[in-house]
Amino acid sequence: MIILIPAYEPDVQLPALIRSIRQAEPWLPIVVVDDGSGPEYRDVFDAVRDLGCHVISYGRNKGKGFALKSGLGFIADNLPGHDVVCADSDGQHRTADILRVAHSLRDYRARQGWSMMVLGSRKFTGDVPARSRFGNTATKLLFTLATGERIPDTQTGLRGYPAAMIPWLRSVRGDRYEYELNLLLEARNAGYAIRSVDIATVYLDHNSGSHFRPLADSVRIYAPLLKFLASSFTAFLVDTVLFVLLTLLIDSLLLAVLGARAVSSAVNFMVNRRIVFDHGRDRPAGTTFARYFSLAALLLAANFGLIWALEGAGLLVLPAKILAEVILLGISFVVQQRFLFTAQARGKAAGKTSRTGPREPSASTHIPG
């Protein structure tokens, strides 16, 4: 087991965390990534190095995702075969919780025999900064709406990964805070399960040590979900307008639904393939088109059935259509992400790791003697 800690402009909490881990597990390897903190923080990293840590440094801040992938690359090259637990440097993660995630990862793998990530999930009880409480609630809601999956803490930085997962971890897109959400979005598609264990909710001085930028980083984090929701909403508007027009022109609910859906599905397919799903353009257009419209046909049947049932229950046709669309939204995202516009298979992604992982830090990596 290896502990990986990305750090940008850390304070005394980082050496304190290292000392605490050393007291509990004296021989546990620890890798710290200096994400371009600058010469003003050299004393902190020297202290960490004196405590026996491997320290990776590079000159310019590149983001948490880049730092994590740099650390994973160092581990793959120099300490292969070890599971990894990633923790934050700002004092939010207690040593007991870090070790709890490590032990849970080991136990899950021993009992169930397949690769999975283990999340240290906070309960957000007690004195939690409003920004943090709102951010996690919003992300959970969007994540559940878009994927249909419930994860207690989508923003936790305390995560455990088996050694076999490292090549895939290095291939996932994202260099900043969005990277950790992308891992959750793509894990099941890559064949990895996700488990959560409870950890303490710790915020020191109202999380003043965080380098999270509320606007810029929130846009990055929510982008994969918001792009899909925006695409779906655009298709929904096209579909609804055409549906209303057709119901005025023809006396057939079925033909109105079919005509509106044919146009809106074409619009949605083009937007999702080119903009929403990063790997969409990598898949053959003809195959993806056929699968998409097979999905559209199934959703259309479900949509028609729901509208018919809701109308029968006394709901007006337009509210019935809106409710049916909302119900089917999450199903559509999950199927498109996992089966239509999916990335390459896990083995192929792993084979590409040497080309996709960060390479710059290797020239300036510092390893204690």
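Predicted, not measured: the structure shown is a model, and the values here were computed from it.
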Quick one: does [X]'s side chain have a donor or acceptor within less than 3.5 Å of a partner on [Y]'s backbone?
X	Y	answer
E178	D175	yes
N78	F74	yes
T247	F243	yes
S171	W168	yes
R22	L51	yes
T240	L237	no
S89	A7	no
D83	G160	no

From [atom1] ([X]) to [atom2] ([Y]), nearest 0.5 Å:
X	Y	atom1	atom2	value
I56	D34	CD1	CG	10.0 Å
M1	I30	CE	CD1	13.0 Å
I250	L255	CD1	CG	4.5 Å

[X] and [Y]: side-chain donor and acceptor closer than 3.5 Å?
X	Y	result
S104	D107	no
D11	Y41	no
S121	D153	no

Is the closest side-chain heavy-atom distance between [X] and [Y] below 4.5 Å?
X	Y	result
M165	Y192	yes
I75	H54	no
K62	D35	yes
I18	C53	yes
R159	L183	yes
L158	L119	no
L68	C86	yes
L315	E311	no

Give me the atom names and distance for the closest heavy-atom approach of [X] to [Y].
X	Y	value
G81	A163	C-CB, 3.6 Å
V101	G120	CG2-CA, 3.9 Å
L14	F45	CD2-CE2, 4.3 Å
G71	L4	CA-CD1, 3.7 Å
L310	A320	CD1-O, 3.5 Å
V84	L105	O-CD2, 4.3 Å

#### Entry: F66-Y58 aromatic ring centre distance below 6.0 Å
yes

Item to complete: Check the pair Y179, K69 against side chain to side chain contact (heavy atoms under 4.5 Å, CB included), reporting the backbone distance first and the verdict last.
Response: CA-CA 10 Å; Y179 170 69; K69 286 188 276 190; 3.7 Å; yes

Given the options L242, V238, V241, S264 meets side-chain contact (heavy atoms from CB on, under 4.5 Å) only with V238

Determine whether L246 and W308 fall in the same hydrophobic cluster, where Ile, Leu, Val, Met, Phe, Trp and Tyr are linked whenever their side-chain heavy atoms lie under 4.5 Å apart.
-> no

- prompt: Any salt bridge between K64 and D88, counting N to O under 4.0 Å?
  reply: yes

